[in-house]
Q: 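Structure below; questions to follow.
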Amino acid sequence: MLNDHVYDGLNKQVNAEIFSAYFYLSMATYFDSMNLNGFAHWMRVQSREELSHAMKLSRYVHDRGRQVLLGSIEAPQSRWQSPLAVFEDAYKHEQSISVQYDRLVELSNEHRDHATGVFLQWFLTEQVEEEASVDNMARKLRLIGESISGLFMLDRELAGRQ
Ligand code: OFO
């Protein structure tokens, strides 16, 4: 059975992952509005990935004998100045999620919940990848600069994300 503090932290993290899914979905709709279909597709895949993170956490809470309590999800931002601004925000967001996982690991250590600490290692590794993927996109967009053809080439590439 999970300790109440760790349980509370995991519940909040489920909420944070569902918010991430919502945030990326909002980014997808922004790209839809610009007719950048490849970018929109990339964001939808990302949104689904975030939901899968929420499911993985939920399953763990259940396996440890507690029921996940879902909280309300705040409305995400829906407008940006440019595709680059979207990925810069996504990068900041992923950095904040990484900090949350670090704190959650610390919390589980504080309460000597080693099983949760081990379980959370997967998320720590995943966060390295999550930060890198949005940061790489921001770097590419900075290289492209004002080039419309560069933007469309990248859009075509992103349409292939599985
Ligand atoms: Fe679930 O990693 Fe992004 O937010």
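Numbering of ligands and ligand atoms starts at 1, following listing order. In this chain, numbering begins with 1 at the start of the sequence shown. Note: hydrogens, waters and symmetry copies are ignored here, and every other heavy atom, side chains too, is used.
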Q: Determine, using the 4.5 Å side-chain heavy-atom cutoff (strictly less than), whether Val45 and Tyr91 are members of one ILVMFWY cluster.
A: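 No, it is not one cluster - the side chains of Val45 and Tyr91 are not joined through contacts under 4.5 Å.
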Q: What atom name does the N, O or S atom of Glu17 nearest to atom 1 (Fe) of ligand 1 carry?
A: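 Of all N, O or S atoms in Glu17, atom 1 (Fe) of ligand 1 lies closest to OE1.
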Q: I need the OE1(Glu50)-atom 1 (Fe) of ligand 1-ND1(His53) angle, rounded to 10 degrees.
A: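 Once rounded, the angle between the two atoms at atom 1 (Fe) of ligand 1 is 90°.
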Q: Short question: side chain of Asn11, backbone of Val68 - any donor-acceptor pair under 3.5 Å?
A: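 No, Asn11 side chain to Val68 backbone: no donor-acceptor pair under 3.5 Å.
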Q: Using the ring of each side chain (for Trp, its six-membered ring), is Phe123 parallel, tilted or perpendicular to His53, with breaks at 30° and 60°?
A: perpendicular
Q: Using the benzene-type ring in the case of Trp, are the ring centres of Phe87 and Trp42 under 6.0 Å apart?
A: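 Yes, ring centres under 6.0 Å apart.
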Q: Any atoms of ligand 1 less than 4.0 Å from a non-hydrogen atom of Ile97? List them with their elements.
A: 4 (O)
Q: Check Glu94 against ligand 1 and report side chain, backbone, both or neither, counting heavy atoms closer than 4.0 Å.
A: side chain
Q: At less than 4.0 angstrom from any non-hydrogen atom of Ser20, what atoms of ligand 1 do you find?
A: 4 (O)
Q: Would you please classify the geometry between the His111 ring and the His5 ring as parallel, tilted or perpendicular, with 30° and 60° separating the classes?
A: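 Parallel: the ring planes of His5 and His111 meet at under 30°.
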Q: Heavy atom of Glu49 under 4.0 Å from ligand 1?
A: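 Contact absent.
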Q: Can you tell me the protein heavy atom closest to atom 2 (O) of ligand 1 and the distance?
A: Glu130 OE1, 2.7 Å
Q: Return yes if a side-chain donor-acceptor contact under 3.5 Å exists between Gln46 and Glu50, otherwise no.
A: yes
